[in-house]
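Reviewing the structure listed below.
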Amino acid sequence: HYLVTTKDEL
Amino acid sequence: MNIFRFLGDISHLLAIIILLMKIWKTRSCAGISGKSQILFAVVFTTRYLDLVTNFISFYNTSMKVVYIACSYATVWLIYSKFKATYDGNHDTFRVEFLVVPTAVLAFLVNHDFTPLEILWTFSIYLESVAILPQLFMVSKTGEAETITSHYLFALGIYRTLYLFNWIWRYQQEGFFDLIAIVAGLVQTILYCDFFYLYITKVLKGKKLSLPA
């Protein structure tokens, strides 16, 4: 499935 | 947080600090592309706008703040404090060839058509190619100081470690972000030639110089 980024990475 | 991601972040931080220290200690930014450094400042600024909209962790926030502050400090050292040592004649890469296509691509291929998301996507695409003015400068002058080579290696290995992080996260959490993965792959591939030179020359105590 395709997950939109959770932006927890730098 | 897994070990690849953590080491990637540390390596990224190390790269930024190596560059700052090199310029500060030698009082010179010779051999450093100011254009690449401006692009990195743009990358951090457009990516970390979420600093003001959502909080993830103390680690996340402090790393973002440090990255942004260091990137602006570097740009300031190059274009203001040690401007006289900046080798502008060799820093001739046309950055519009990087900024315009990545900006257009960010509008076309993104997760969500909102300002923050487009800016984030732009920063991911731009980061993947932001080192090109620096690599172009090294190939133009045919050499790089050893400390500059260490900087480039630490910066290159950071995204390579992130690739392992994404494999890990996909396995463990089913998490994947195709935009980051493809851009990260491109970014890593751009360093491959440099990695080869670094391992075969710099690690054996030789200065990085290219055949004439």
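Below, read A as the first sequence line, B as the second, and so on, with proteins coming before strands; counting in each chain starts at 1.
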If I measure from the heavy atoms of chain A, does [X] come under 4.5 Å with its side chain, its backbone, both, or neither?
X: Asn60(B); result: both
X: Phe55(B); result: neither
X: Phe44(B); result: neither

Reported CG-to-CZ distance for the pair Leu10(A) and Arg5(B), which is rounded to 0.5 angstrom: 7.0 Å

[X] atom [atom1], neighbour heavy-atom count above 12 within 6.0 Å:
X: Phe164(B); atom1: CZ; answer: no
X: Met1(B); atom1: CE; answer: yes
X: Phe107(B); atom1: CZ; answer: no

Atom of Ile56(B), atom of Asp8(A) and distance for their closest heavy-atom approach: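 Heavy-atom minimum between the residues: CD1-CA, 3.8 Å.
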
Closest contact, heavy atoms only, Lys7(A) versus Lys64(B):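 Closest approach of Lys7(A) to Lys64(B), heavy atoms only: O-NZ, 4.5 Å.
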
Pair Glu9(A) + Arg47(B), salt bridge at N-O below 4.0 Å: no

